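Working notes, beginning with the structure itself.
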Amino acid sequence: MYQSGEVSISECNECGEVFPIFTFVADTDMVTNGCVALTGADNSIVLTMSRANESISDIENRIGSNHKIVRATYVNEPANNRVSFQEFRKTYKPAKPIYTCISCGGKSTVIKHQTKEQFLTYGKIQVINDC
């Protein structure tokens, strides 16, 4: 189980719930292939591996304890096609993630980023390798 990553703290725009989101970080996607992070409302994160043909709801049921896989969509700012590449690079902003709230299903946005070590000073991360 690959466990390196960082934590984003997200706040729901609808119900105000604040919750952590774990993002695996590695040099290549092959290292994190199959790794899954689930979030609980009590500042807890569970890391596990997905089984063959296991759906999101299957993983959530297996882990239980009210942990959910946080879904993300990405919003791109429109690009100005009439500028030079150099000017484009100066103004480019990467796609902004919009996460699904673990409580109400509403849209939430990241309010801060932390290292795994910073998060562990007040939250917990559990690794489950029962695949």
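In this text, all values refer to a predicted model and were calculated from it rather than measured experimentally.
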Taking the side chain as every heavy atom from C-beta outward, state whether [X] and [Y] have any atom pair closer than 4.5 Å.
{"X": "Lys96", "Y": "Thr109", "answer": "yes"}
{"X": "Ile9", "Y": "Val18", "answer": "yes"}
{"X": "Ser44", "Y": "Gln126", "answer": "no"}

Exercise. Could you please spell out the steps behind the side-chain contact (heavy atoms from CB on, under 4.5 Å) verdict for Ile125 and Lys116?
Key: CA-CA 9 Å; Ile125 298 176; Lys116 186 172 139 181; 3.6 Å; yes

How close do [X] and [Y] get, heavy atom to heavy atom, and via which atoms?
{"X": "His67", "Y": "Gly40", "value": "CD2-N, 3.2 Å"}
{"X": "Ser50", "Y": "Val36", "value": "CB-CG2, 3.9 Å"}
{"X": "Asn33", "Y": "Met49", "value": "O-CE, 3.7 Å"}
{"X": "Tyr122", "Y": "Gln114", "value": "OH-OE1, 2.8 Å"}

Nearest-0.5 Å distance, [atom1] of residue [X] to [atom2] of residue [Y]:
{"X": "Leu47", "Y": "Cys35", "atom1": "CG", "atom2": "SG", "value": "8.0 Å"}
{"X": "His113", "Y": "Ser10", "atom1": "NE2", "atom2": "OG", "value": "9.5 Å"}
{"X": "Phe24", "Y": "Gln3", "atom1": "CZ", "atom2": "CD", "value": "8.5 Å"}

Donor-acceptor pair, side chain of [X] and main chain of [Y], under 3.5 angstrom:
{"X": "Glu60", "Y": "Ile69", "result": "yes"}
{"X": "Asp58", "Y": "Ser55", "result": "yes"}
{"X": "Glu54", "Y": "Arg51", "result": "yes"}
{"X": "Thr39", "Y": "Pro20", "result": "yes"}
{"X": "Glu87", "Y": "Ser84", "result": "no"}

If you count the non-hydrogen atoms of other residues, nucleotides and ligands that lie under 6.0 Å from [atom1] in [X], is the total more than 12?
{"X": "Asn61", "atom1": "CG", "result": "yes"}
{"X": "Asp27", "atom1": "CG", "result": "no"}
{"X": "Asn66", "atom1": "CG", "result": "no"}

Practice problem: For Ile98 and Tyr74, run side-chain contact (heavy atoms from CB on, under 4.5 Å): C-alpha distance rounded to whole Å, both residues' side-chain angles, the deciding distance at 0.1 Å, then the answer. | Solution: CA-CA 6 Å; Ile98 304 295; Tyr74 293 88; over 6 Å; no

Quiz item: Pick from Leu120, Val70, Ile21, Val7: which one makes a side chain to side chain contact (heavy atoms under 4.5 Å, CB included) with Ile45?
Solution: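 Exactly one option meets the side chain to side chain contact (heavy atoms under 4.5 Å, CB included) with Ile45, and it is Val7.
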
Practice problem: Check the pair Ile59 / Leu38 against side-chain contact (heavy atoms from CB on, under 4.5 Å), numbers first and verdict last. | Solution: CA-CA 9 Å; Ile59 297 169; Leu38 295 93; 4.0 Å; yes

Quiz item: When clusters are formed by joining ILVMFWY residues with side-chain heavy atoms under 4.5 Å apart, either directly or through shared neighbours, do Val25 and Val31 land in the same one?
Solution: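 Result: no, two separate clusters.
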
Quiz item: Taking a hydrophobic cluster as the set of Ile, Leu, Val, Met, Phe, Trp and Tyr residues connected by side-chain heavy atoms closer than 4.5 Å, whether directly or through intermediates, do Ile111 and Phe22 fall within one such cluster?
Solution: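 Yes: a chain of side-chain contacts under 4.5 Å links Ile111 to Phe22.
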
Practice problem: For side-chain contact (heavy atoms from CB on, under 4.5 Å), just list the numbers for Phe19 and Ser108, CA-CA rounded to whole Å, side-chain angles, deciding distance to a tenth of an Å, and then say yes or no. | Solution: CA-CA 10 Å; Phe19 55 94; Ser108 67; 3.3 Å; yes

Quiz item: Looking just at side-chain N and O atoms, do Glu11 and Tyr99 make a donor-acceptor pair shorter than 3.5 Å?
Solution: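 Result is no, nothing qualifies.
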
Quiz item: Among Glu14, Lys68, Glu17, which residue meets the side-chain hydrogen bond (donor to acceptor under 3.5 Å, both in side chains) test with Ser103?
Solution: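 It is Glu17, the one option of Glu14, Lys68, Glu17 that forms the side-chain hydrogen bond (donor to acceptor under 3.5 Å, both in side chains) with Ser103.
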
